[in-house]
Each structure stands twice: as structure tokens, then as C-alpha cells.
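What's counted below: heavy atoms across the whole structure, side chains too, no hydrogens, waters or symmetry copies. This chain uses plain numbering: 1 for the first residue, then up along the sequence. Worth saying up front: this structure is predicted, and the values here are computed from it rather than measured.
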Amino acid sequence: MGSSAVKKVLQELVFPYWTRSEDRWKARGNLLLMLVLILGMVYSLVLLNRWNKAFYDALQNLNKEEFLSQLRQFFIIALSYSLIMAYKYYVLQSLAVSWRKWLTEKNVTHWLSNQNFYYWQIKKNSEDNPDQRLSEDIHELTDLSLEISEKILREFITFISFIGILWGLSGSLKFSDINGYDIEIHRYLVWVCLLYAIVGTWIVHKIGSPLSKINFMQQKLEADFRYLLIRLRENSESIALLKGERAEKQKLSAKFFQVVGNFKELISCQKKLIMTTNFYGQLAYIFPFVVASPKVFTREITLGQLFQISSAFGQVQGSVSVFVDMYTKLARLHSVMIRLSGFLHSLEENHELRHATVSRSVQTTVGAYEIENLNVMTPQHQSLFNALSLRLTPGKRVLITAPSGKGKTTLLRSMNGIWPYLAGQVRIPKECHRLVLTQKAYLPIGNLRSALAYPMAGENFNDQDFQKVLTLTKLAYLIPDLDKETSWSLSLSSGEQQRIAIARIFLQKPEIVFLDEATSALEKKTEKFLYETLIASFPQMIVVSFSHEEDALKEFHQECLVLN
């Protein structure tokens with residue numbers, strides 16, 4: 001799964017940005033600039049390596065003039081290196097932001113297109129937290145990918161630059177084995193350095209290999225816990241009225257117990273990894289002095305050359321050990337790629353589900369709204385309704401009734417082309433403005449204008465339009481709050497929310513309106529007034545109402561369809 005997940009993410013999220021996106025030339029330019037800056041950084045390190053020899057030789061020779069000259073050179077090199085580092089960071093972060101922006105827009109568009117976000121819910125994928133994938137996972141993908149890639153590229157250039165220096169400084173090591181045979185290892189410092197780095201990398205990999213799976217589970221459990229908190233906030237009133245605090249606390253505690261349990265496993269693994277990598281790193285400081293000491297004691301190298309060897313050894317060892325230093329981040333990136341691959345796979349499944357059913361059964365037409373031989377099923381393919389036919393012409397008003405829980409809302413979804421488990425034909429007039437109002441009105445966060453105009457833009461209507469519909473739906477007291485931004489679903493009662501939704505009909509004037517118990521929270525007098533006003537104002541509007549009581553709304557409709 002891991003390799004296929006990485007391949008999928010590379011093909012769909014990484015390569016397209018650099019090869020086909022509108023920002024590809026700018027991104028390539030920034031990448032080239034970053035390469036130049038990395039070359040400048042490595043060159044500064046090479047100069048610093050040479051400076052080591054000259055500086056410590058000046059100390060050894062008690063040459064004050066050369067000592068002061070080397071100090072001046074050090075400040076120039078250090079300042080240049082610092083400036084390059086700062087600009088490299090700026091270019092890298094600019095590239096990360098640009099890439100994240102492109103990826104987020106691309107995937108949000110994909111997620112919102114063709115009701116993918118809806119199919120995600122009905123296919124029971126809600127536990128996979130698409131919000132985390134679209135925010136945190138994409139953010140981590142861009143940041144970690146660029147950080148790791150830059151590090152590997154920099155260390156590769158550093159390796160190429162310093163292996164030659166270490167090769168020239170190494171010389172040969174001569175010793176005798178237990179049988180008295182003379183052995184000579186040419187360029188021994190290079191081979192010792194490579195062996196040290198390879199052994200260290202292998203040990204770190206063996207210790208840190210479980211990290212990817214543990215990180216994956218930690219991200220999932222954290223997202224699940226956050227989802228429960230969001231649900232608690234969104235349903236705070238219902239929970240408070242039901243006195244459900246204890247039940248909610250039990251659910252939160254159980255989920256957080258899983259979070260903590262996995263986190264303990266994570267820190268246990270990271271403890272071993274940190275101990276190993278830190279010991280490996282600390283040993284690297286003294287190791288070059290140890291392996292070069294035979295040359296020091298035989299006076300084959302000077303103090304300056306010893307520090308130059310130490311510097312070159314450290315750079316080569318650090319370059320070869322790049323995976324040791326980046327192992328935790330590599331494991332995190334791998335888990336992010338697995339999560340994003342799962343997200344992409346679910347979107348593909350949603351597309352296939354829609355293509356196999358909705359795309360075949362739901363069509364646009366220039367004629368009337370019509371359903372013919374419609375068979376509606378549950379996700380488990382159990383039949384709800386069979387051979388249902390209905391033709392809606394301008395001015396027609398139909399009441400559809402059925403006992404509660406018998407599939408009225410599922411039929412509403414099917415009639416509006418979003419339910420994937422159906423067969424037959426649904427023909428929807430082309431460019432026909434439809435408005436669907438449900439029992440629980442959806443009010444977006446923002447000002448009241450945007451809530452009234454939704455899903456259209458509030459700028460499409462003037463103040464007189466808003467004032468008129470609010471007065472008509474007996475909400476005139478909200479007129480001063482038209483520009484107030486708040487969470488209207490929390491600040492308004494259920495009845496007020498339903499009247500806001502009904503006000504959309506008078507504001508937007510759709511050709512077809514579906515009302516799924518959209519007046520259930522209103523008193524009968526207000527419900528009767530709104531239906532009568534709607535019919536009188538828009539005699540050619542098609543009205544389809546859904547109710548579990550046949551007699552409740554029958555007087556406002558011409559036909560009644562009883563589902564069984």
C-alpha cells in the first residue's frame with residue numbers, strides 16, 4: 001500500500017504542479033534560484049573548510065597578523081552564508097505557499113464538483129476527515145516535500161564538493177595484522193566516513209521503521225477527536241436541552257484515550273530514535289579526530305589540517321547520513337501521502353458511483369420536469385419505490401406523503417439528481433432554477449444578506465428586495481441586521497430559520513421549489529399564510545411538498561401522491 005500510495009500522490013499532486021499548472025514557469029524559476037542559493041551555501045562551506053586550515057595553522061605558528069586576517073575573512077564568509085540562508089528560506093516558503101494554493105484550489109474544486117462531498121457522507125467515509133486532508137495534509141505535503149527535497153539536494157552537492165577535499169587529505173593508513181603482514185588502506189578517511197554513515201543509517205532505519213504507521217494512526221485519531229468536538233459545538237443547544245453532557249464526555253474520553261494511547265506509542269518509538277540519532281551525531285564530532293589521530297602523532301599533518309579533515313569528514317558524513325537526520329520527517333511525509341492517496345481514491349470511487357448511476361439516469365431536457373419508471377433503493381440495494389412516474393408542468397403543485405422514515409427525503413434526493421442508488425429516468429429542464437428547502441434550513445456563516453440569497457450572491461439583490469421578503473415572512477425585525485455577520489443557525493430559532501429559507505423563494509423566484517417539511521416548525525396560521533402568499537405571487541411556479549401527514553398541506557396542492 002505504501003509504494004502505491006506514494007506513486008499515486010506523485011502522479012496526481014506533485015508532478016502536475018511542475019509540468020501542467022499555470023504557475024509551473026514561476027515555480028521552476030524559484031527552483032532554479034533555490035539551486036543557485038544552495039550552490040552558494042555549499043561554496044561558503046568550502047571556503048570555511050579552507051579557512052579552518054589557515055586559521056588553526058596561524059594559531060599553531062603564533063602568527064598574529066595572519067590570525068587577524070583570517071578573522072576578517074571569517075566574518076565575510078559568515079555574513080554571506082547568513083544572507084544566502086535567509087533568501088533560501090524565503091524562496092522555499094514562497095514556493096511552498098504557491099504549491100499549497102494550487103493544490104488546495106484543485107482538490108477543493110474536485111471535492112465540491114459533482115456532489116463529491118455528499119457522496120463522501122453517504123458512503124460512510126466521514127470518519128476519514130476530508131477537512132484534515134484538504135488543510136493539514138496538503139500543507140504538510142508541500143512543506144515536507146520541499147524541505148526534504150532541498151535537504152537531499154543540498155547534501156548531495158555538499159557530498160560532491162567535500163568528498164574530493166577529504167580524498168585529498170586522507171592519505172594512506174598502514175598497519176600490520178595479527179600475522180605480521182603489512183596492510184595499507186589508501187584514502188582510508190573516505191572509506192571510514194562512508195562506512196560510519198551507512199551503518200548509522202541502517203540502525204536508524206531498523207529502529208524508526210514503525211513510525212510511518214504510528215504517525216498515520218495519530219493523524220487519524222486526532223482528526224476523529226476534533227470532529228467530535230466540532231459536532232458538540234454545532235449541536236450544543238440540543239445536547240444542553242437533553243442534558244447529554246455525560247454521554248458526550250464519555251464519547252470524547254473514549255476517543256481521547258485512543259489518541260493518548262497511540263501518542264504514547266509514538267513518543268516511545270521517537271525516544272529510541274532520538275537517543276540513537278543523537279548518540280550517532282555526538283559521536284560524529286569526535287570520530288574524525290580519532291581516525292585522523294595516527295597522522296597527528298606521527299606529525300604527518302598540522303593542527304590546521306586536522307581541523308580541515310574534521311570539517312570535511314563532518315560534511316561528507318552528514319551528507320551520507322541525510323536519511324538519519326530526516327527520518328522522522330520522511331516517516332511523517334509517508335503517512336501524509338497514504339492519507340492523501342486514500343482521499344484521491346475515495347474521490348475516484350465517488351466519480352465511478354455517480355457515472356454508473358446518476359449520470360445514466362438523470363438528464364437535462366428542454367421539456368417539462370419528468371420522472372419515468374423511477375426505482376429508488378437504499379445503499380444496500382433494498383428497494384424503496386418502484387416504477388414511480390410523475391410529470392410536472394408550470395403551475396402544478398404536488399403533495400407527496402409517506403409515514404416518517406419511509407423514504408420521502410430519499411425520493412427528494414433522487415428527484416434532484418444527487419441520490420446514486422436509483423434506476424429509471426429523471427428529466428430536469430435545462431437552465432431551470434430549482435430551490436430545495438429541507439426541515440433543517442441551511443444558513444451559511446456570514447451576513448444575513450448572504451443567508452437570504454444563498455446559493456446566489458447577496459450583491460444580486462438590493463436593499464428593497466431584502467426588506468420586502470423579510471417583511472413578507474414576518475421577519476421585519478431582522479432588517480437592521482442585514483449586514484451583521486454571525487452564525488445564524490445558532491442565533492435564530494428553528495421557526496425563524498425556516499422563514500429565512502422560505503424568504504429565499506420570494507427573493508430568488510425559482511421555477512421549481514421542493515419543500516421537505518420546510519414549514520414543520522411554524523404555527524399553522526403562519527404556514528397557511530406563507531403557502532397562500534406563495535401561490536398567489538407565483539401561479540406558474542411548480543411546488544412539490546413532502547409531508548408525513550396527508551391532510552396537513554392538502555388544501556394548497558392540486559394532487560397528492562401517497563408513497564407505500
Looking at [X], I'd like to know if its [atom1] atom is crowded, meaning that more than 12 non-hydrogen atoms belonging to other residues, nucleotides or ligands lie closer than 6.0 Å.
| X | atom1 | answer |
| --- | --- | --- |
| K440 | NZ | no |
| I160 | CD1 | yes |
| K255 | NZ | yes |
| R226 | CZ | yes |
| F74 | CZ | no |

Rounded distance [0.5 Å steps], [atom1] in [X] versus [atom2] in [Y]:
| X | Y | atom1 | atom2 | value |
| --- | --- | --- | --- | --- |
| L340 | L103 | CG | CG | 8.5 Å |
| L37 | E150 | CG | CD | 9.5 Å |
| K26 | L31 | NZ | CG | 14.0 Å |
| C193 | I163 | SG | CD1 | 6.5 Å |
| L141 | R100 | CG | CZ | 11.0 Å |
| L79 | I84 | CG | CD1 | 9.5 Å |

Next item on the list: Any chance you could lay out the side-chain contact (heavy atoms from CB on, under 4.5 Å) test for E245 and E248, step after step, and finish with the verdict?
Entry: CA-CA 5 Å; E245 295 88 345; E248 293 299 321; 5.8 Å; no

Note to self: Tell me whether the rings of W99 and W18 are parallel (<30°), tilted (30 to 60°) or perpendicular (>60°).
What the structure shows: perpendicular

Next item on the list: Give me the ring orientation class for W51 and F55: parallel if the planes are under 30° apart, tilted from 30 to 60°, perpendicular past 60°.
Entry: parallel

For [X] and [Y], indicate whether the former's side chain and the latter's backbone hold a donor-acceptor pair under 3.5 Å.
| X | Y | answer |
| --- | --- | --- |
| T104 | K101 | no |
| N61 | D57 | yes |
| Q70 | A54 | no |
| S268 | K264 | no |
| S145 | T142 | no |
| D481 | K484 | no |
| N107 | L134 | no |
| S341 | M337 | no |
| S450 | G446 | no |

Residue pair [X] / [Y], side-chain heavy-atom distance below 4.5 Å:
| X | Y | result |
| --- | --- | --- |
| I157 | L35 | yes |
| F162 | L45 | yes |
| L333 | I148 | yes |
| R332 | L144 | yes |
| E222 | Q218 | yes |
| L146 | Q93 | no |

Note to self: Is there a side chain to side chain donor-acceptor pair (under 3.5 Å) between Y442 and S489? Walk through the geometry before answering.
What the structure shows: CA-CA 7 Å; Y442 174 69; S489 59; over 6 Å; no

Checklist line | Residues Q11 and K8: side-chain donor-acceptor under 3.5 angstrom | finding: no

Margin query: Under 3.5 Å, is there a donor on one side chain and an acceptor on the other for S161 and Y43?
Written below: no

Note to self: Closer than 4.0 angstrom, basic N to acidic O: yes or no for E459 and R449?
What the structure shows: no

Next item on the list: Applying side-chain hydrogen bond (donor to acceptor under 3.5 Å, both in side chains), name anything that partners N52, two or more places apart in sequence or on another chain.
Entry: none

Give me the atom names and distance for the closest heavy-atom approach of [X] to [Y].
| X | Y | result |
| --- | --- | --- |
| N447 | E485 | N-CG, 3.7 Å |
| N30 | V91 | O-CG1, 3.4 Å |
| C269 | P210 | SG-CD, 4.3 Å |
| E22 | W102 | OE2-CD1, 3.6 Å |
| D23 | S98 | OD2-OG, 3.7 Å |
| L252 | L229 | CD2-CD2, 3.7 Å |

Next item on the list: List the steps and the verdict of side-chain contact (heavy atoms from CB on, under 4.5 Å) for V260 and F256.
Entry: CA-CA 6 Å; V260 171; F256 191 66; 3.4 Å; yes

Margin query: I'd like to know whether S94 forms a side-chain contact (heavy atoms from CB on, under 4.5 Å) with Y90, so could you lay out the CA-CA distance, the side-chain angles of the two residues, the decisive distance to 0.1 Å, and finally the verdict.
Written below: CA-CA 6 Å; S94 298; Y90 176 78; 3.8 Å; yes

Margin query: Could you go through L228 and L232, starting from their C-alpha distance and side-chain angles, then the distance that decides it, and tell me whether this counts as side-chain contact (heavy atoms from CB on, under 4.5 Å)?
Written below: CA-CA 6 Å; L228 289 178; L232 174 61; over 6 Å; no

Check: Only one of E155, R154, K151 forms a side chain to side chain contact (heavy atoms under 4.5 Å, CB included) with I38, so which one is it?
Finding: R154

